[in-house]
Amino acid sequence: MACVAVLAVVCWIVFLYQDTAWGMVQIWWRSETFTHGFLVLPIVLWLIWRARGRVQLTAPRPSGWVFFAVFLAVSAWLMADLAGVNAVAQLAFVGLLVLSVPALLGVPVARLILFPLFFLFLAVPIGEVFLPQLMEWTADFTVFALRLSGVPVFREGLQFVIPSGNWSVVEACSGVRYLIASFTVGTLFAYLNYQSTKRRLLFIGVSILVPVVANWVRAYMIVMLGHLSGNKLAVGVDHLIYGWVFFGVVIMVMFAIGIRWAEPEPALGSVDDVAASTAASANPAKIWIAAACFSALVAAPHLLKWMTAEPSSAVNLSVAVPDKLEPGWLALRGDTADETTAAIKYKPQFLLASAESNTTYQKQGSQVGLYLAFYRNQDYERKLVSSTNVLVTSNDTQWTRATSGSRAITLAGAPTSVRTLELRGNGVSDALRGGRLIVWQIYWINGTLTTSDYLAKVYSAFYRLIGRGDDSAVIVVYTPKDGVDNPEAVLESFMSTNYSTINEVLSKTRASK
């Protein structure tokens, strides 16, 4: 009876949060990094089945205090859903599935299957937040090892040049796939082969450290193979294949060493008195009352969203920037035969915007590009702050990231910070060869400015809760670095004198229905 109640609640959770669950499955399907998500649920069910003997000896008793944790989980999901933070919403969803066990069956039962319950969190596709740091570490080690090997290296950002050619560290080189795969398998290995908490934690720590270091060595070996073979080996898709082969060997060695300290599983005690234990369990009515309360609580955020939802408005909007900005900035419209007045060939990647505009302005030989992307009725797929919305992609054919940072300026009389980025031309055309751009970025959330991805999410959720909607935008300005004495001063002058106009343009877009 207790298992039926838990199953009913789980089905209810999946039904209510089906969009969140489906979002997880879509990521498993399209991303090789998180394909292991398809295996997590079968493994969890097998682990629970494996522990069924001990579970049967424990009387199920609903735990009322767990409902406070359920309240926190549904609150986190609501805020994450309003702000479009997929990872937090998915963690909260899995948390509700996990909490259904102690809430309905009791903490003693949950303790017996604690590892399978927490292993379920590995189905959540998170980890890409570590990409920038992992890429930086990989580049640091590769350049250090190359110089130690006597190979001269010139490095700029995540790109470096050696005598035999150019190399760059992109997302596939970060090692995040190796790290997630090693952590998942290593955690399961530690649980099945060790009984000591110390040994389990130690092996899990090793399963985190080994793939990171192995990826550094892999990157160095691939560059050296290409260098020594005249770029005939370890180039193209070959270096990915070599990487997985090397990683597989390293993991096999790690497991072979780890199995030497395996501990036998303790024998299960007698289960002759299972019937007597079951008789001492809680009244089925209490379990179903707990199930009803749990079901009502997890439905509350959906009811709140339905009550506060605003009618959908048009998303096919337009951002009408003026042809003239102060002081004396004139828009370049259309193509021109004169290269000195041609618009800057650059466009940030902000996908599925409700409206966008990309205009180059010119004044007395100086050029500034203004890019605006406006978002309304955001959801998990179409939103302003996303890992796919970037100033430049790693596979961009025209521009490559060189350096990044931040800068303090004054807008509308208030101190404000902007993100800064320097881009280097890839030499795709004569106009781009050797060229560089200085790019600034800032978010506009219902009139509030911020450079923080996290604050942008918080502001968006807050404004939705108070009924102001989720209208948001990104403001990007950029100017060529070459031939300009102080490009930062050009951008600062442009922004300080024209932000009021930009804000008015975005406010008018927000007011349009």
Side-chain angles (χ1 to χ4, degrees), residues 23-24 26-37 80 84-91 121-144 155-160 167-186 207-220 222-223 237 239-240 243-244 246-247 348-351 380-381 383-396 399-406 419-424 439 441 443 451-454 456-457 474:
M24 292 173 57
Q26 287 180 311
I27 296 176
W28 299 344
W29 181 261
R30 69 170 179 256
S31 174
E32 294 182 2
T33 304
F34 302 109
T35 305
H36 70 277
V85 186
N86 301 37
V88 176
Q90 291 162 2
L91 284 171
F121 283 101
L122 295 183
V124 180
I126 57 176
E128 292 185 339
V129 65
F130 303 113
L131 272 174
Q133 186 61 68
L134 290 173
M135 293 166 66
E136 188 71 26
W137 285 345
T138 302
D140 290 343
F141 179 86
T142 304
V143 171
F144 170 78
R155 177 184 176 183
E156 186 175 43
L158 297 178
Q159 292 76 41
F160 50 92
W167 295 83
S168 62
V169 178
V170 296
E171 285 85 349
C173 306
S174 67
V176 68
R177 292 181 181 177
Y178 305 148
L179 176 58
I180 292 175
S182 175
F183 178 72
T184 302
V185 179
S207 70
I208 295 174
L209 179 62
V210 166
V212 173
V213 176
N215 183 65
W216 298 348
V217 177
R218 175 198 69 88
Y220 163 69
I222 286 172
V223 175
V237 73
H239 81 273
L240 296 177
W244 276 110
F246 175 72
F247 173 73
Q349 176 179 278
F350 281 79
L351 304 176
Y380 290 125
E381 295 296 328
K383 55 187 177 181
L384 172 64
V385 182
S386 168
S387 60
T388 57
N389 288 347
V390 292
L391 294 176
V392 63
T393 60
S394 60
N395 59 352
D396 191 280
W399 301 102
T400 298
R401 177 190 297 264
T403 60
S404 60
S406 61
R419 291 184 186 176
T420 64
L421 184 68
E422 182 175 326
L423 301 180
R424 173 175 57 84
V439 186
Q441 172 193 341
Y443 293 124
T451 57
S452 169
D453 291 345
Y454 303 105
K457 294 286 191 181
V474 64

Do [X] and [Y] have side chains that get closer than 4.5 Å, going by heavy atoms?
X	Y	value
Q441	V474	yes
D396	Q349	no
L391	W399	no
V223	F160	yes
T35	W28	no
W137	N215	no

Can you tell me how far the [atom1] atom of [X] sits from the [atom2] atom of [Y], to the nearest 0.5 Å?
X	Y	atom1	atom2	value
K457	L384	NZ	CG	8.0 Å
W216	T138	CH2	OG1	7.5 Å
I180	E32	CD1	CD	12.5 Å
T403	L421	OG1	CG	7.0 Å

Shortest non-hydrogen contact from [X] to [Y]?
X	Y	answer
A139	R155	CB-NH2, 3.5 Å
V124	A87	CG1-O, 4.2 Å
F350	V390	CE1-O, 4.0 Å
Q159	R401	OE1-O, 2.8 Å
M135	V169	CE-O, 3.3 Å
I208	L179	O-CD1, 3.5 Å

Under the side chain to side chain donor-acceptor pair (under 3.5 Å) test, which residues partner Q26, sequence neighbours left out?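 So Q26 forms no side chain to side chain donor-acceptor pair (under 3.5 Å) with any residue.
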
Within the side chain of [X], is there an N or O that forms a donor-acceptor pair under 3.5 Å with the backbone of [Y]?
X	Y	value
N389	K383	yes
R419	T451	yes
S182	Y178	no
H36	V185	no

Quick check on side-chain contact (heavy atoms from CB on, under 4.5 Å): which of V143, L158, I222 does W167 satisfy it with? I222

